[in-house]
Amino acid sequence: INAEYMGTHPSNKWFAAQSMDSAIYVYSSVDKFKMNKKKQFKGHMVDGFACKISFSPDGRYIISGDRDGKLYIWDWASCKLYKTMRVHDGVVIGCEWHPIEPSRVATCGWDGSIKYWD
């Protein structure tokens, strides 16, 4: 795996890897280590940046920042892009779901700010 960042799905059955080709690939973490070729998340631009990925506490969504200041939210089941938001003036290097309030997300960017979204 040529991954910039990896995160574990709340079910612990999968982990996702942020790749330098601006895609998130999913691998089985149970039994055999195997890529799930049907589950990929694309559309964001992270090439050259270690942008964090995060799962919603219920595992229904996966998020990532990108180099253009956007936060991307994908539906885990369908792999379709659910929503895009401009959240920073530069690279969104980190994003994290609130562990108790699933409608809230925190982001941090290279612009030096940390923001909290609802």
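Because the structure is a prediction, the values reported are computed rather than measured.
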Gap separating the OG1 atom of Thr8 from the OH atom of Tyr27, nearest 0.5 angstrom:
14.0 Å

Donor-acceptor pair, distance only, cut-off 3.5 Å: does the side chain of Ser19 make one with the backbone of Ile24?
no

Tell me whether the count of non-hydrogen atoms from other residues, nucleotides or ligands lying under 6.0 Å of CG in Asp75 goes above 12.
yes

Closer than 3.5 angstrom, by distance alone: can the side chain of Asp89 be matched with the main-chain N or O of Asp111 as a donor-acceptor pair?
no

So if you build clusters from Ile, Leu, Val, Met, Phe, Trp, Tyr with side-chain heavy-atom gaps below 4.5 Å, do Val92 and Met85 land together?
yes

Test log, rule side chain to side chain contact (heavy atoms under 4.5 Å, CB included), inputs Ile93 and His88:
CA-CA 10 Å; Ile93 202 70; His88 291 274; over 6 Å; no

Taking Val87 as the starting point, is it possible to reach Val46 by hopping between hydrophobic residues whose side chains are less than 4.5 Å apart?
no

Here the gap from Ser29 atom OG to Trp14 atom CH2, rounded to the nearest 0.5 Å, amounts to 8.0 Å

Is there a side-chain contact between Pro57 and Pro102 (heavy atoms, below 4.5 Å)?
yes

Smallest heavy-atom separation, Asp66 atom then His44 atom, equals CB-CB, 3.9 Å

Is the shortest side-chain heavy-atom distance between His9 and Trp76 below 4.5 Å?
yes

Under the ring-ring contact (aromatic ring centres under 6.0 Å, His included) rule, collect the residues that match up with Tyr61, sequence neighbours excluded.
Tyr82

Is Leu81 reachable from Ile62 through a run of hydrophobic residues whose side-chain heavy atoms are each under 4.5 Å from the next?
yes

Kindly compute the distance separating SG (Cys95) from CH2 (Trp117), expressed to the nearest 0.5 Å.
12.5 Å

Do Val91 and Cys51 have side-chain heavy atoms sitting under 4.5 Å apart?
yes

Any residue meeting ring-ring contact (aromatic ring centres under 6.0 Å, His included) with Trp110, in chain and number order, not counting sequence neighbours:
Phe49

Between Arg86 (side chain only) and Asp68 (backbone N and O only), is there a donor and an acceptor less than 3.5 Å apart?
yes

Phe55 and Gly7: which non-hydrogen atoms are nearest, and at how many Å?
CE1-O, 3.7 Å

Is there side-chain contact between Lys39 and Trp74, with heavy atoms separated by less than 4.5 Å?
no

Sequence-distant partners of Asp118, salt bridge (charged side-chain N to carboxylate O under 4.0 Å, His left out), two or more places apart:
Arg104

Could you measure the distance from the CG atom of Asp21 to the CE atom of Met45? Nearest 0.5 Å is fine.
10.0 Å

With clusters defined by side-chain heavy atoms of hydrophobic residues (ILVMFWY) lying less than 4.5 Å apart, directly or transitively, does Tyr72 cluster with Ile63?
no

Interatomic distance, Ser64 atom OG to Lys42 atom NZ [nearest 0.5 angstrom]
14.0 Å

To the nearest 0.5 Å, tell me how far Ile73 CD1 sits from Thr84 OG1.
8.0 Å

Out of curiosity, does Met6 fall in the hydrophobic cluster containing Phe33 (side-chain heavy atoms, cut-off under 4.5 Å, transitive links)?
yes

